[in-house]
S.K.: 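Submitted below is the structure of interest, expressed as structure tokens.
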Amino acid sequence: MAGRIGVAERNTTSEEMPAGYDPGRIEPKWRARWETDRLYTVDDSSPKPKWYSLTMYPYPSGTLHVGHWYAFAVPDVFARLQRMRGYNVLFPMGFDAFGLPAENAAIRHGIHPATWTFDNIDTMRAQYRQMGAMIDWSREVVTCTPGYYRWNQWFFLRMLERGLAYRAKGAVWWCPNDQTVLANEQVLEGNTCERCGAEVFRRDLEQWYLKITDYAEELLRDTETLDWPDRVKVMQRNWIGRSEGARLQFALETSEVLDVFTTRPETVWGATFMVLAPEHPAVASLTTPEQREEVDAYIEAASRQTEIERMSTDEARPKTGVFTGGYATNPVTDERIPVWIADYVLMGYGTGAIMAVPAHDERDFAFARAHGLPIRVVIQPEGEETLDPDTMTHAYVGPGRMVNSGPIDGWRVPDALPDVVAWIEENSRGKREINYRLRDWLISRQRYWGTPIPVIYCDTCGIVPVPDDQLPVELPLDAEFAPTGQSPLVGNDAFRNVTCPTCGEPARRETDTMDTFMDSSWYWFRYTSPHYDQAPFDVAAAAAWTPVDLYCGGIEHAILHLLYARFFTKVCRDLGLTDHGEPFIRLRNQGMILAEEGNKMSKSRGTQVTPDELVRTHGADALRLHLMYLGPWDQGGPWNTRGITGMERFIRRAYQVVQDTREADSVQRETDSEVENLRRLTHQTITRVTRDLDGFDFNTMVAALIEFVNALST
RNA sequence: GCCGGAGUGGCGAAAUGGCAGACGCGGCGCACUCAAAAUGCGUUGGGGCAACCCGUGGGGGUUCGAAUCCCCCCUCCGGCACCA
């Protein structure tokens, strides 16, 4: 049993082992060999079980930095593990190539967005190849090509047929800098644009929406089945924002009816006034001539101040508002109650109107106190002093017995809540309702570099979908794309002026383009049959590969992309294109690699670290190991150039161990106990490496290998 | 304010109830060199000549035993934030 373990047999290989470790020679040699051998071209007909390992495709912004390597080279290690375990592994790559930065670069440098984009892709593709990852480049997907985006249009038309795409007028977020509307998901804290940081504001525009709210319940429920980081699931649940309650009707003296949503329907006997959002459509007709001036001034101030007020996180922000002069009737007490407007009521949630129950809601309490409105207690905490509206300093939000509430007096809440709702429904005062914070997805963009929305406006036929056989509606390359507030395609007559597909009369083409999140909402399906031209993807190929087994990417997509992708998958299922409703079984987020001084890497400040030079000086393998070794992968952290030499030393030592063994006398004897110890260590290392890789603990996995090599080389 | 996550050597970190600091960077010493770099070998939590003592944000508790579990507090990071 004497002799070196495992590696000794390699002595018989005829190939000459070079003198020292030289990554500059080894890496290009093997990359070329892998390519000629098509080692990483995935075979669809393989009998092996499949493993779909996906990493979020990059935006072609210019050149790669080490953050891109962190995102791609590390998951590549896991993909390789699965390959070694006998899986047929798909690890594809593409570019998320439509979007605003291309247009901005075009405007700044006077270069066409297409040129800028494809040049960047060429550069980045070459950089990616240095990684030595097992990417199957034959499946590359580039979303700004007609062969890809025509299927965005196809999806849009299918949704239009099913009522999942619709056009509506409403207050939408507008970015004055990017000159386009934004989805709710793209508006950040303080009402700033997700892309450029400019302050955004509301505009009334007619836009295209996708009805993601139809899937709200399912999107919420299915988070429970996902192997995703908890914080991502929590963020999605909060975003969807489900609340159970009831919808109640309050008759107005204008003979209109005002709907409110409430999570506390039992407190309706304590509703002493109502509050509408300043933008609420009923405000105009409700307002009496005497109050008109004050109301108009408040509405004006509210629309102007929204951004500033939003940013003030002051909890004790004063509850401003004005009386409209109008009255409503409380549906259970039949009392006449005043209707106010206030900016603490948001048009974007519920119905944009509330019944105010000051005794049992902190905000309503503050408002009532500020404006001298009546407070009526309807829940009395048990075993405590009787609540007195005149001396209360806070709303009472706890449990208790109903008082001053007619037929439900004495009921104990919240236990009796279901009975209260039943009473309300039986007596036709309202009905049970579940409300979501999630809004429909606004997809219209008044920009050039995106997928044209495939509809035509005809004076006689109305909105006419472009027939499938006329797809793709190609984005003309000769457009004037400088932003004007209208879609750049408005001025492109050749594009815009068409004949109606239905009646043949002159008509106008839609000139808005789609949100680029459309592109990324189904791209992983496309990788399974990237050249297929009968449908977005070959259903059989998709069935063989999807759902994605492991999806890696940044936490910044926790709600936007990941929610849209889940929505699209459910739509694909309902269209019969796939049989599952969740696209990504397992999700892992990498942390962010910061610049060496701890701030975000920035091209303009010159703190961006490019992999090319590091590959030249230390080799791709040392760089990959170093990225794995920086710390826990989901944590990220500041880049550290010095540490890479340690990984280089490690590789050299490993290389030396193998070389020494080759050169040593194959019958070199060692004591049985030494061999025994090495064998034990070998198996312990296998166990550690396997466990750590499965847990995505790449840093400790590398440590185990270093210890092993250290033991072998002493 | 609410919901998460974290706090350990000079630095990145490891250890999830059983010898704290594995592994790496950096430092120090030695070898090689005229010399330096690179490389290799050794050493490296703090204090002490030593035996030994101290040490995982702070305070308390559970336990034979706590970085790890429980309670209170402090700090940092992330998310949400007038959601009716």
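So that the names make sense, note that chain A is the first sequence line, chain B the second, and so on, each numbered from 1.
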S.K.: Ring centroid separation for A/Phe698 and A/Phe696, is it under 6.0 angstrom?
M.R.: yes

S.K.: Can you tell me, in whole Å, how much space there is between the P of B/U68 and that of B/G57?
M.R.: 8 Å

S.K.: List in chain and number order the residues that pass side chain to side chain contact (heavy atoms under 4.5 Å, CB included) with A/Arg432, two or more places apart in sequence or in another chain; answer none if no residue qualifies.
M.R.: A/Glu244, A/Val421, A/Glu425, A/Ile434

S.K.: Tell me which nucleotide, if any, is Watson-Crick or G-U wobble paired with B/C23 when both distances must be under 3.5 Å.
M.R.: B/G12

S.K.: Would you measure the distance from the C1' atom in B/A14 across to the matching atom in B/G21 and give it in whole Å?
M.R.: 7 Å

S.K.: Taking side chain to side chain contact (heavy atoms under 4.5 Å, CB included) as the definition, give me every residue that meets it alongside A/Ala168, ordered by chain and number, with sequence neighbours left out.
M.R.: A/Tyr166, A/Tyr209

S.K.: Rounding to an integer number of Å, can you tell me how far A/Met647 CE sits from B/C25 P?
M.R.: 7 Å

S.K.: With both distances kept under 3.5 Å, what pairs with B/U63, Watson-Crick or G-U wobble?
M.R.: none

S.K.: Distance alone, cut at 3.5 Å: any donor-acceptor contact between the side chains of A/Ser243 and A/Asn435?
M.R.: no

S.K.: Only counting residues at least two apart or in another chain, list the ones meeting ring-ring contact (aromatic ring centres under 6.0 Å, His included) with A/Tyr215.
M.R.: A/Phe567

S.K.: Can you tell me if the side-chain N/O atoms of A/Ser243 get under 4.0 Å from OP1 or OP2 in B/A84?
M.R.: yes

S.K.: For the side chain of A/Glu707, starting at C-beta, report the closest nucleotide among B/C23, B/C25, B/A84.
M.R.: B/C23

S.K.: What's the gap between B/C69 and B/U56 when it is taken at their C1' atoms, as a whole Å value?
M.R.: 16 Å

S.K.: For A/Trp639, give me all partners under ring-ring contact (aromatic ring centres under 6.0 Å, His included), at least two apart in sequence or on another chain.
M.R.: A/His626

S.K.: Return the pairing partner of B/C41 with a 3.5 Å limit on both distances, Watson-Crick or G-U wobble; otherwise return none.
M.R.: B/G29

S.K.: Would you mind reading off the distance between A/Ile555 atom CD1 and B/G79 atom P, rounded to a whole angstrom?
M.R.: 9 Å

S.K.: Determine whether the aromatic ring centres of A/Trp269 and A/Trp411 lie less than 6.0 Å apart.
M.R.: no

S.K.: Using the C1' atom as the point on both nucleotides, what is the distance between B/A20 and B/A66, in whole Å?
M.R.: 11 Å

S.K.: Would you say a side-chain N or O of A/Asn710 is under 4.0 Å from OP1 or OP2 of B/G24?
M.R.: yes

S.K.: Can you measure A/Tyr349 atom OH to B/C80 atom C1' for me and round it to whole angstrom units?
M.R.: 14 Å

S.K.: Among the candidates B/G26, B/C23, B/A84, find the nucleotide nearest to the side-chain atoms of A/Thr263.
M.R.: B/A84

S.K.: Take atom CD of A/Glu648 and atom P of B/C25, then tell me their distance rounded to the nearest Å.
M.R.: 11 Å

S.K.: Identify which one of A/Gln236, A/Lys233, A/Arg237 satisfies the side chain to side chain donor-acceptor pair (under 3.5 Å) criterion when paired with A/Thr223.
M.R.: A/Arg237

S.K.: Taking CZ from A/Arg652 and C1' from B/U39, how many angstroms apart are they, rounded to a whole number?
M.R.: 7 Å

S.K.: Side chain of A/Arg437 only, please: which of B/C23, B/A81, B/A84 is the nearest?
M.R.: B/A81

S.K.: Can you check the A/His360 NE2 to B/A84 C1' distance for me, whole Å?
M.R.: 15 Å

S.K.: Could you tell me how far apart A/Leu705 (CG) and B/C23 (P) are, to the nearest whole angstrom?
M.R.: 14 Å

S.K.: Please list, chain by chain and in numerical order, all residues satisfying ring-ring contact (aromatic ring centres under 6.0 Å, His included) with A/Phe72, sequence neighbours excluded.
M.R.: A/Phe91, A/Tyr128

S.K.: Can the ring centroids of A/Phe517 and A/Trp441 be said to lie less than 6.0 angstrom from one another?
M.R.: no

S.K.: Looking only at atom C1', what distance separates B/G9 and B/C23, rounded to whole Å?
M.R.: 14 Å

S.K.: Mapping A/Val345 and A/Ala703 to their closest nucleotides on RNA chain B, which lands nearer the 5' end?
M.R.: A/Ala703

S.K.: Determine the interatomic distance between P on B/A22 and the same-named atom on B/A15; round to the nearest Å.
M.R.: 13 Å

S.K.: Given B/G40, B/A22, B/C80, which nucleotide is nearest the side-chain atoms of A/Arg649?
M.R.: B/G40

S.K.: Between A/Asn238 and A/Phe261, which residue's closest nucleotide on RNA chain B lies nearer the 5′ terminus?
M.R.: A/Asn238

S.K.: Do any of residues 587-596 of chain A sit with a heavy atom less than 4.0 Å from RNA chain B, and if so which?
M.R.: none

S.K.: Identify, with sequence neighbours excluded, every residue that meets salt bridge (Lys or Arg N to Asp or Glu O under 4.0 Å) alongside A/Asp364.
M.R.: none

S.K.: Please give, in whole Å, the distance from B/G24 C1' to A/Arg624 CZ?
M.R.: 19 Å

S.K.: Would you call B/G12 syn or anti, using the 90° rule around 0?
M.R.: anti

S.K.: Which whole number of Å gives the distance between the C1' atom of B/C49 and that of B/U63?
M.R.: 38 Å

S.K.: Along nucleotides 2-20 of chain B, 5' to 3', which nucleotides get a B, which get an S, and which get a -, given that the test is a protein heavy-atom distance under 4.0 Å?
M.R.: ----------BSS------

S.K.: Using the test salt bridge (Lys or Arg N to Asp or Glu O under 4.0 Å), find all partners of A/Glu218 that sit at least two apart in sequence or belong to another chain.
M.R.: A/Lys570, A/Arg573

S.K.: So what's B/G55 paired with, Watson-Crick or G-U wobble, going by both distances under 3.5 Å?
M.R.: none

S.K.: With both distances kept under 3.5 Å, what pairs with B/C2, Watson-Crick or G-U wobble?
M.R.: B/G79

S.K.: Just checking A/Val260: base, sugar-phosphate only, or nothing, at a heavy-atom cut-off of under 4.0 Å?
M.R.: nothing

S.K.: Between B/C71 and B/A13, how far apart are the P atoms? Round to whole Å, please.
M.R.: 27 Å

